[in-house]
Structure formats: structure tokens, C-alpha cells
Amino acid sequence: MIDIRVLRDNPDLVRASQRARGDDEGLVDQILAADEARRSSLGEFEALRSKQKSVSKNVGAVMGRLAKAKKTGDGDLTAMEADAETARTEASTLGARVKELEQAADDQGATFERLLRKVGNVILDGVPSGGEDDFTVLEHVGEPTTFDFEPLDHLALGEKLGAIDMERGAKVGGARFYFLTGVGARLELAMLNMAVAQAVEYGFTPMITPTLVKPEIMDGTGYLDAHEDVYHLPTDDLYLVGTSEVALAGYHKDEIIDLTAGPRRYAGWSTCYRREAGSHGKDTRGIIRVHQFQKVEMFVYCKPEDAVDEHQRLLGWEREMLAKMELPYRIIDTAAGDLGGSAARKFDCEAWVPTQERYRELTSTSNCTTYQARRLGTRYRTESGKTDTVATLNGTLATTRWIVAILENHQQADGSVRVPKALQPFLGLEVLEPLA
RNA sequence: GGAGGCGUCGCCUAGUCUGGUUUAUGGCGCCCGCCUGCUAAGCGGGUUUGGGGCUAAAACCCCAUCGAGGGUUCAAAUCCCUCCGCCUCCGCCA
């Protein structure tokens, strides 16, 4: 949710952002009107409530005097009874009106919030306008891998190595499920362990997180807006997370956290679940696009003014991981329309996949500024002692999909796969050899 | 799954039975000031959060907030209902 003050003070900024995203600009004026309506309605209600309270309080005072008089036998009991009754009636009349005004104020407030929540995060300077294909390429790192033999794709390699079993995955879980077997399982664990080791080295707190979350947590992160891609368990009204970002964003919900020692950095390890609705027929081969995978994810809470720098740091840590895996890749600045509601800017690192002859996303780092945190009520104490909403950011350190790039880029003519140097200590192997 | 207990403004805690004169008590912690050669002690004051109004910004005023949401009532921390969480015991299972 964006800050209503930003929208009030600088509606043009929000209009421009909406335009870049290809979203409705008219929402801005609707919200301004709803904000006006809500505030005046609230003022009316509160004024009358205040009056009703004071009248009602007077009843209490009269009742107190009456009780005392009854004890001592002094004073005009009948007159006092009458006073109390008059006040009671007046308060009762006011009470009915107050109830109406309260309902009206609640309705206006709900309308306002519903509209405000429709607005995506205000994009940052430099984010390209447009949709999925309108990204800017920021940098190429390394050269696309070339071979003096016909390279195999990751699934062919995975089967040769006894690393990936899609057929049995489909038997057990259906399409887009798989088993990682033998060196495949070891490879994934080694990679994720390496990611955690790097995170720890840079001061992150490793976290193993819930993968089922309550609706308000899923909603707070903004993922419920794209709910068709989220698994839901109706019996328990719980959602399966698509990333540990969800749980880590919920971790400090409704808290005022201490940021005086710097950003809070967490590295979440979790299984991730995605329905992949709307991608039927896309990436049906292998483990590029699956319903369930594992990921180590960085998640940061920091002061809003530090978010842009922190975003660069997250990108840097992703680059370090990709370098250790010895993969060629490019970095893109995702276009506004492809950001998702919560992000104000998103950088993806896409690794070269030789058999597809194109770059595929391996990491994604988003600066959500205060958008998620405002919904989740996560704040910090400023120098002046006030509370203010924190900024949240996230970025990928490793996922199951990386196996695709590792196998394909490091394959050798005999069907074996060279293990990147940095990964060797975690895997305990220098080469993955095909099964006999 | 069954029975019982509990949830109060950072932490602890009074208040709940018996609704009202309560701006929700007191202590600890923290902040500011006084005192002090320094520190401690002592003394005085402040210290939930969100929203609205007035402001250049404050001060200030108002509304809400006693786990959450409803209800009863002129009036709810207090009475009623639903839900959530924690604890104890029993049962079942790993």
C-alpha cells in the first residue's frame, strides 16, 4: 500500500507511475475524493461521539450522587432520579445518531482503503515503462558458453547423471513435479548450503520458515492480488508460500523493530510452491518451471532512505553467487508493468542456457520500499523518536532452477559435468559422472 | 480430541466477581530536569499505538485502542457470544 501523504502531496508522481505500469491513472482522483469524503465523515462522527460520551459520563456522576443521597437520606431523591433519566434519554438519542455516523465513516474508510490498495508501488527513477519485453539490459557478465560438441539440455544430462527423474515425479505429484536423485539431490543441497554460507558470511541470519501462512500474511506481501498462482488450502484457510519472502515479511508484522544497528538481514531457506496457472505449455520440459522447488532468499528490513543502496548490495551478493557458479549472465532492469504491485524496482539476473540459446531468470531482487511494510504494520523508531514505516527488499541467492544452468554450462563432451570450484567443498565432488 | 486456566499501554502487575466519580493502578526499565567534584542514591516530570482536527512545524484538542471481532447498555478492561494464541492435565499418534 502506498503512503496516502505521497498521493496527496504529489498526485502527478503517482499518475506517472500508474501510466508507466499500464495501470489506471484515474484511480488517483478517485482516491483523493474518497480521502476527502472519509475525513469529513470521520470528523462528524467523532464530534458527536465526543458529545455523547460527555453526556453519558454525566449520568455516572448523577448516579454516584444519588447512591450517596440514598445512604444518608439527604437531598431530593426524586429530582435526582429525574436528572439521571433526562441525561439517559439524551445520551440514548445521541447514541442512535452516533451509530449511523460511525457506520457511514466506516464505509467511507473501507472504500478509501479498497481504492488505495489498488495502486501499485510508485516506481523509482530509471525504471523503464512498459511490459514484460520492455526491460533494459544493464550489463552482460561473461560470454555465452560455446561447445565443440552438440550440447545436451539439462534434462538429458540430468537423466544421464541419475540426477533428475521427471517421469516418476509426474507419477507421484503430476505434471511439473520431479525427483532429484543421487547427485541431483546432493547438488541442490550443496548449492543451497553454499548460499547460506555466503549469507552468514555477510551477516545475514539464516532462517528456516513456515511454508504455510495465514491469509493476512499472504495478503500483506501483495501476492494475494495474483492469487491464481498461489496454492490455497480451504479446509484450514492457509496458503502455501511461493517464496520464503512471504514468511520473512510476516516475521515482524505489527512490530516496531530496532534499526539503530543497521538493516535487519535474513536469509530464508524454504520450499516454494507455485501453481503456474496461465503458463500451460510453457517450459514443460525439465525443472525450469515446476510447482515445487527450493530457494535461499535474502530479505532485508531497512530505513527507507537506505533502500536504494541496499538494493545494490543485494544485487552484488547475487552476482557473487553467480560468479562462484561460473555462469555467464546478464542483468536486466525490469519494466514497470512487469514489477508486481509491491516492487518499486526489480533487477533480474538471467543466466545463459545454451540449449535454449537465451537468458533465463536465476535471481530476482526487488526493492519494495515501504509498500509491503505499510500493509504489514512493520515500523521503526526514527532519530526523533517517531515511528515510521520500514522498507523491505528481497533477492535470490540460489534456487533449484540454477541446476539447469549449472548442468548445461559446465557439461563436457563425454556427458560429465564439471563442478564449479567454489561449489566443490560443499558437494565433495569435482565432476559429476554419467551413470554406467 | 477432552477438561481446566490465562491473555491489561517495553517487562511485571492492580482493576474483572459487584459496569459509572478511572485521564486504566503500582513497580521496573527508559528519557528529560534538579541535586552532585564524578558515579550511584535521592527528588520532580515524562514515557502505548493508530487516526482526525489545528498548525510552517510543534504545543494542544478530539476519536479509537485492555488478544481479535461482534453484542447488551445512556455507559464495557469489567457482562454475553464467536474466534485466535499461550499454559497445565488427560487421551491419541509420531
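We name chains A, B, ... by the order of the sequence lines, and we start the count at 1 in each one. Quantities reported herein were computed from a predicted structural model and do not represent experimental measurements. These numbers come from the heavy atoms of this one structure, side chains and all, not from hydrogens, waters or symmetry mates.
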Salt bridge or not between [X] and [Y]? Use side-chain N to carboxylate O under 4.0 Å.
X: Arg313(A); Y: Glu310(A); answer: yes
X: Arg15(A); Y: Asp29(A); answer: yes
X: Lys303(A); Y: Asp306(A); answer: no
X: Arg8(A); Y: Asp35(A); answer: yes

Euclidean distance for [atom1], [N] against [M] (whole angstrom):
N: U21(B); M: G26(B); atom1: P; result: 16 Å
N: A68(B); M: U49(B); atom1: C1'; result: 16 Å
N: C66(B); M: G7(B); atom1: C1'; result: 10 Å
N: C35(B); M: G44(B); atom1: C1'; result: 11 Å
N: A64(B); M: A76(B); atom1: C1'; result: 14 Å
N: C80(B); M: C12(B); atom1: P; result: 26 Å
N: A94(B); M: G4(B); atom1: C1'; result: 26 Å
N: C93(B); M: G10(B); atom1: P; result: 44 Å

Is the distance from OP1 or OP2 of [N] to the nearest side-chain N or O of [X] less than 4.0 Å?
X: Arg38(A); N: G51(B); result: no
X: Arg379(A); N: G50(B); result: yes
X: Arg381(A); N: U49(B); result: yes

Round to the nearest Å and state the distance from [X] atom [atom1] to [N] atom [atom2].
X: Gln108(A); N: G52(B); atom1: CD; atom2: P; result: 14 Å
X: Asp3(A); N: G51(B); atom1: CG; atom2: C1'; result: 14 Å
X: Ile217(A); N: C84(B); atom1: CD1; atom2: C1'; result: 13 Å
X: Leu116(A); N: G51(B); atom1: CG; atom2: P; result: 12 Å
X: Lys253(A); N: G50(B); atom1: NZ; atom2: C1'; result: 14 Å
X: Glu113(A); N: G50(B); atom1: CD; atom2: C1'; result: 12 Å
X: Phe112(A); N: G51(B); atom1: CZ; atom2: C1'; result: 11 Å

*What string of B, S and - do you get for nucleotides 65-83 of chain B 5' to 3' if you count protein non-hydrogen atoms under 4.0 Å?*
-------S-BS--------

*Nucleotide by nucleotide, 5' to 3', does protein get under 4.0 Å of the base (B), only the sugar-phosphate (S), or neither (-) in nucleotides 55-64 of chain B, counting heavy atoms?*
-------BBS

Looking at [atom1] of [X] and [atom2] of [Y], how far apart are the two atoms once the value is rounded to the nearest 0.5 Å?
X: Arg49(A); Y: Lys99(A); atom1: CZ; atom2: NZ; result: 10.0 Å
X: Ile332(A); Y: Asp338(A); atom1: CD1; atom2: CG; result: 7.5 Å
X: Cys349(A); Y: Arg360(A); atom1: SG; atom2: CZ; result: 15.0 Å
X: Leu157(A); Y: His410(A); atom1: CG; atom2: NE2; result: 12.0 Å

Paired with [N]: which nucleotide, if any, by Watson-Crick or G-U wobble criteria at under 3.5 Å for both distances?
N: C11(B); answer: G27(B)
N: A56(B); answer: none
N: G69(B); answer: C81(B)
N: G37(B); answer: none
N: A64(B); answer: U49(B)
N: A76(B); answer: none

_Let's see if you can work this out: which of G52(B), U49(B), G50(B) has an atom nearest to the side-chain heavy atoms of Thr387(A)?_
G50(B)

*May I ask you to check whether Thr399(A) and Gln294(A) show a side-chain donor-acceptor distance below 3.5 Å?*
no

*Take atom OH in Tyr251(A); do more than 12 heavy atoms of anything else shown fall under 6.0 Å from it?*
no

*Check: Ser17(A) side chain, Ile123(A) main-chain N or O, donor-acceptor pair, under 3.5 Å*: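 Side chain of Ser17(A) to backbone of Ile123(A), a donor-acceptor pair under 3.5 Å: yes, one is there.
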
_5' priority, RNA chain B, between Ile256(A) and Lys214(A) [closest heavy atom]_ =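 This one resolves to Ile256(A).
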
*More 5' along RNA chain B: Ile4(A) or Gly385(A), using each one's nearest nucleotide?*
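By nearest-heavy-atom nucleotide position, the 5'-most residue is Gly385(A).
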
